[in-house]
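Here is the structure we will look at, set down as structure tokens.
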2 protein chains.
Amino acid sequence: MLHDPAQLDRMFQALADPARRQMVDRLSRGPASVSQLAEPLAMSLSAVVQHLNLLEASGLVRTQKLGRVRTCQIEPTALRAAEHWINERRLAWERRLDRLGDFLAETKDET
Amino acid sequence: MLHDPAQLDRMFQALADPARRQMVDRLSRGPASVSQLAEPLAMSLSAVVQHLNLLEASGLVRTQKLGRVRTCQIEPTALRAAEHWINERRLAWERRLDRLGDFLAETKDET
DNA sequence: GCAATAGTTAAGTGAATGCTTGAGTATTGG
DNA sequence: CCAATACTCAAGCATTCACTTAACTATTGC
């Protein structure tokens, strides 16, 4: 389920918004309630809840409600999936460059 | 300029679209012309050019025109910036978990 | 019990996005 | 020279997005 392309899509989509990235950033320093997440953001609590729902649907954040407080946490495995996608592409490119370098060095030797 | 928040924003924004990610994926396997990028995509060439312009503005892709052919390449340093942002947050969370584990182990010893 | 707290839900709005079509501009092979 | 190629640019359009406000529900502390 980590490599579900639709899930990857929701994840990158979720990370595309600066407010949501700020929320992820805040959560990387420890769990927080919805109000705590909202506090530094210049928008209504309702807007924050909507962002949070998206983050949860994307798998980046997990939440649980105790009483009237919803506590939010980062889901590191989801972050790792996004990280991995980018890393794979970058490495593929860099490996290609290396092979090209090797090839050029070789053909230069053959003078 | 790699840590310009506006640039990071454009980058995550660029990666949020599946067509654009498919283009990055294709480019990770080597340079390509606009038409080559368009070939597997179910949309007009014009649409592809619009995606490409966004990718270029985000710094993820560099292009150069020779004659009538625009050749596109990945810019790995930009990919690295996105990767780095995610990685930092994930590591911050995981380090926090480790410290928490240590604390729990310590307090358990003190019985 | 009742007011304050913490969050939820729904409806609406304006701006941004992802396309399309159509008309144009260089370049290039024959 | 001229037709095919390889884009490029500008409008227009439907959908999605990021909000807002307003009304509502569920806890908690006194």
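As a basis for the values below, the full set of heavy atoms in this structure was taken, side chains included, without hydrogen atoms, waters or symmetry mates.
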Which heavy-atom pair separates [X] from [Y] by the least distance, and what is that distance?
| X | Y | value |
| --- | --- | --- |
| A:Ile86 | B:Glu83 | CG2-OE1, 3.9 Å |
| A:Phe12 | A:Ala82 | CZ-O, 3.9 Å |
| A:Cys72 | A:Leu37 | SG-CD1, 4.0 Å |
| A:Ala38 | A:Val48 | CB-CG2, 3.7 Å |
| B:Glu75 | B:Gly59 | CB-O, 3.2 Å |

[X] [atom1] - [N] [atom2] separation (whole Å):
| X | N | atom1 | atom2 | result |
| --- | --- | --- | --- | --- |
| B:Leu45 | C:dT25 | CG | C1' | 14 Å |
| B:Asp17 | C:dC19 | CG | C1' | 10 Å |
| A:Arg68 | C:dC2 | CZ | P | 18 Å |

**Asked** So with a 6.0 Å cut-off around CD of B:Glu39, is the heavy-atom count from everything else above 12?
**Response**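 Counting neighbours around CD of B:Glu39, 12 or fewer heavy atoms of other residues, nucleotides or ligands fall under 6.0 Å, so no.
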
**Message:** Would the distance check show the side chain of B:Gln7 and the main-chain N or O of B:Ser58 forming a donor-acceptor pair, the cut-off being under 3.5 Å?
**Reply:**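 Checking the backbone N and O of B:Ser58 against the side chain of B:Gln7, a donor-acceptor pair under 3.5 Å is found.
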
**Prompt:** Under 3.5 Å, side chain of A:Arg20 to main-chain N/O of A:Leu15, donor-acceptor pair present?
**Reply:**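 A pair under 3.5 Å: no.
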
**Message:** Mind checking if B:Gln13 touches a base, just sugar-phosphate, or nothing, with heavy atoms under 4.0 Å?
**Reply:**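 Sugar-phosphate contact only - B:Gln13 comes under 4.0 Å of backbone atoms but never of a base.
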
**Asked** Is B:Ser44 touching bases, backbone alone, or none of the nucleic acid, heavy atoms closer than 4.0 Å?
**Response**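 Base contact.
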
**Message:** Under 4.0 Å, heavy atom to any atom of DNA chain C: which of residues 18-32 of chain A qualify?
**Reply:**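 Heavy-atom contacts with DNA chain C come from no residue of residues 18-32 of chain A; none.
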
**Request:** Please list residues of residues 47-55 of chain B whose heavy atoms come under 4.0 Å from any atom in DNA chain C, ordered by number; otherwise none.
**Result:** B:Ala47, B:Gln50, B:His51

**Item:** Any side-chain heavy-atom pair of B:Trp85 and B:Met11 under 4.5 Å
**Value:** no

**Message:** Measuring only between side-chain heavy atoms, which start at C-beta, is A:Arg26 closer than 4.5 Å to A:Pro40?
**Reply:** no

**Asked** If each of A:Ser46 and A:Ala16 is mapped to the nucleotide of DNA chain D with the nearest heavy atom, which maps nearer the 5' terminus, i.e. the 5' end?
**Response**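 Taking each residue's closest nucleotide, the earlier one in sequence belongs to A:Ala16.
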
**Message:** Going by salt bridge (Lys or Arg N to Asp or Glu O under 4.0 Å), A:Glu56 matches just one of A:Lys65, A:Arg62, A:Arg70. Which one?
**Reply:** A:Arg70

**Message:** Reading DNA chain D from 5' to 3', where do the contacts with chain B start and stop? Cut-off is 4.0 Å to heavy atoms.
**Reply:** D:dA4 to D:dA10

